[in-house]
Protein chains: 2
Amino acid sequence: MDSAVARERALDAAEELFYGRGVQSVGMDDVRGTSGVSLKRLYQLFPAKEQLVEAYLERRDARWRGQLAEYVERHEEPEERILAVFDWLGEWFGEPDFRGCAWLNAYGELGATSARVAGQVRAHKRAFRDYLASLVDAAGLPDALAGQLFLLAEGAMVTAGVTRSAEPAAEAREAARLLLRTT
Amino acid sequence: MDSAVARERALDAAEELFYGRGVQSVGMDDVRGTSGVSLKRLYQLFPAKEQLVEAYLERRDARWRGQLAEYVERHEEPEERILAVFDWLGEWFGEPDFRGCAWLNAYGELGATSARVAGQVRAHKRAFRDYLASLVDAAGLPDALAGQLFLLAEGAMVTAGVTRSAEPAAEAREAARLLLRTT
DNA sequence: TTGACGAGAGAACGAGCGTTCTCCTACCGT
DNA sequence: ACGGTAGGAGAACGCTCGTTCTCTCGTCAA
C-alpha cells in the first residue's frame, strides 16, 4: 500500500473515531483496526498520537471551510450569502453522525494539555470569523456585525452539539436576519 | 475532621482542579493533595471519581445560577435585567481564573463517555435557557427571543473560553440590545 | 491501662494505552 | 534459488491512574 494511501486511510479512521467518540477514548489500536494500517506504519506516518490529532483537525478544517464557502457561493445576494451560512449549519447539524463542533470538542478535551491543539482551534475559529467578516464587508454592513454573527453561529454549534438537535441553526438564522435588518 | 467539612474541602479542591486543568488530567491523588482529605475518606464520600465530578458540577450549577440571578435582580427594568445577564457574563469572563464554561468543558471531555455528566450538562443549559425565557416573558417580549439570547450567551461563553478574552460579552450584549429593539 | 475502632499515609494492584520490539512472511533483484 | 529488506501481526514494555489494601498510630470507653 502506497504511503499516501495509508495516510489517507489513517486520517479517515482517525476522523471517524476521534470525532465520533472523542480523542481520549480512542486508542491507536482502534485507529489501526478501523484503518487497516499497521501500528508500525501509523508511527512512521505520525510519530505520536498528538500529531495524528493535529493532522485530523487540519484536514477537517480545510474541508469544513471549503464546503461552507462552496455552499455560500451558490447564492448571489450578499445578504443571502450571510444567511446561507446558517442554512449550511442547519444541514450539518442534521447529519446523522453530527456530534458538535470538532474543534470545540477537541478544545474541551485537550485544550488544557496540548498547546498545539489549542492553537489550531483558535486558528480555525479565527478563520471562520474572518470569513464571516468578509461576507459582512461584501454586503456593505458594519464590521461589528461580524462578531455578533460569529457568536450566534458558535452558540448554535455548541447547542446543537449538546442537545443533538438542528433547531439552533434556524433560531440563529432568524436572529441574524433581524440583526441584518437593524442596520 | 467532620464528614461535612471533608466533603466541602474535597469539593473545593475538585472544583479548583477540574475547572482549572480539566477532569482527565487531574488524578484522585491531586484532589487528595490539594484538599488534604485522605484517599480513604475521599472514596467514602464519593465511591468513584465520576461521582465527584457530578457533585462538583451540581454544586457549581447551584452557585452559578444563584449568582447570576442575584446580579440580575439588582436591576429593576425588565429589559435592563436581560442585558444584565451579559454584563454578568462579562465580569465572569474577566476573572483571572476564567477558563470557559465548566459544563461545556466537561461535555467536551466526558460527554461521549459518561451519560450522567452529559445529562447534567443538558440540565444546566436547559435551566439557563429557561431562566432567560422567564426574563423575556417578564418583559412582555416574544418567546422566540429567549432562544436567540441563549445562543448569543452560549457563543460568548465558548468564544471567551477559547480566546481568553472578555470581549465576547460586550459583543453579545450589543447584539441582544439590537434584538430587543426590533420587537 | 487496655483493647477496639477509625483514620491517615502510602504502597500495591490492575487496567488501559502510547510506544517499541520481535518474529515471521512475502517479495525483490541477481 | 537465495539473501536481504520491508511490512504486518501482535506481544511486550513502561507509565499513568483509579481503586483497594496494609500497616501504623491516635483516641476513647470501660
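The figures here come from the full heavy-atom set of this structure, side chains too, leaving out hydrogens, waters and symmetry mates. In what follows, every chain begins at residue 1, and chains take the letters A, B, ... in the order their sequences are listed.
- Using a 4.5 Å heavy-atom cutoff, the side chains of A:Arg164 and A:Arg99 are in contact.
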Pair up each side-chain donor or acceptor in residues 60-71 of chain A with any protein partner under 3.5 Å, not counting sequence neighbours, and list the distances.
unit_1, atom_1, unit_2, atom_2, d
A:Arg60, NH1, A:Glu15, OE2, 2.9
A:Asp61, OD1, A:Arg65, NE, 3.0
A:Asp61, OD1, A:His124, ND1, 2.6
A:Asp61, OD2, A:Arg65, NE, 3.4
A:Asp61, OD2, A:Arg65, NH2, 3.1
A:Arg63, NH1, A:Glu15, OE1, 3.3
A:Arg63, NH2, A:Glu15, OE2, 2.6

Which atoms of nucleotides 9-11 of chain C (N or O only) lie under 3.5 Å from a protein N or O atom, and what are those distances?
unit_1, atom_1, unit_2, atom_2, d
C:dG10, N7, B:Arg32, NH1, 3.1

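- A:Gln44 has its CD atom 13 Å from the P atom of C:dC21, to the nearest Å.
- Inter-residue side-chain proximity for B:Val72 and B:Trp88 is flagged as unmet; no heavy-atom pair is nearer than 4.5 Å.
- Under the 3.5 Å distance criterion, with hydrogens and angles disregarded, a donor-acceptor pair is assigned to the side chains of A:Glu50 and A:Ser114.
- The nearest whole Å value for the distance from the CG atom in A:Leu45 to the C1' atom in D:dG7 is 12 Å.
- Applying the salt bridge (Lys or Arg N to Asp or Glu O under 4.0 Å) rule to B:Arg177 yields the partners B:Glu174; only residues at least two apart in sequence or on another chain are considered.
- The structure places CZ of B:Arg81 at 12.0 Å from CZ of B:Arg74, a figure rounded to the nearest 0.5 Å.
- Between A:Leu52 atom CG and C:dT19 atom C1' the separation is 14 Å, expressed in whole Å.
- One can place CZ of B:Arg9 at 14 Å from C1' of C:dG8, the figure rounded to the nearest angstrom.
- With sequence neighbours left out, the salt bridge (Lys or Arg N to Asp or Glu O under 4.0 Å) criterion links B:Glu154 to B:Lys125.
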Write down the protein N/O and nucleotide N/O pairs, taken from nucleotides 13-18 of chain C, whose separation is under 3.5 Å; answer none if there are no such pairs.
unit_1, atom_1, unit_2, atom_2, d
C:dG18, OP1, A:Lys49, NZ, 2.8
C:dG18, OP2, A:Met28, N, 2.7

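- When rounded to the nearest whole Å, the span between CZ of A:Phe46 and C1' of C:dT20 equals 19 Å.
- For residues 7-33 of chain B, the pairs satisfying ring pair (Phe, Tyr, Trp, His ring centres under 6.0 Å) are B:Phe18-B:Tyr56, with sequence neighbours left out.
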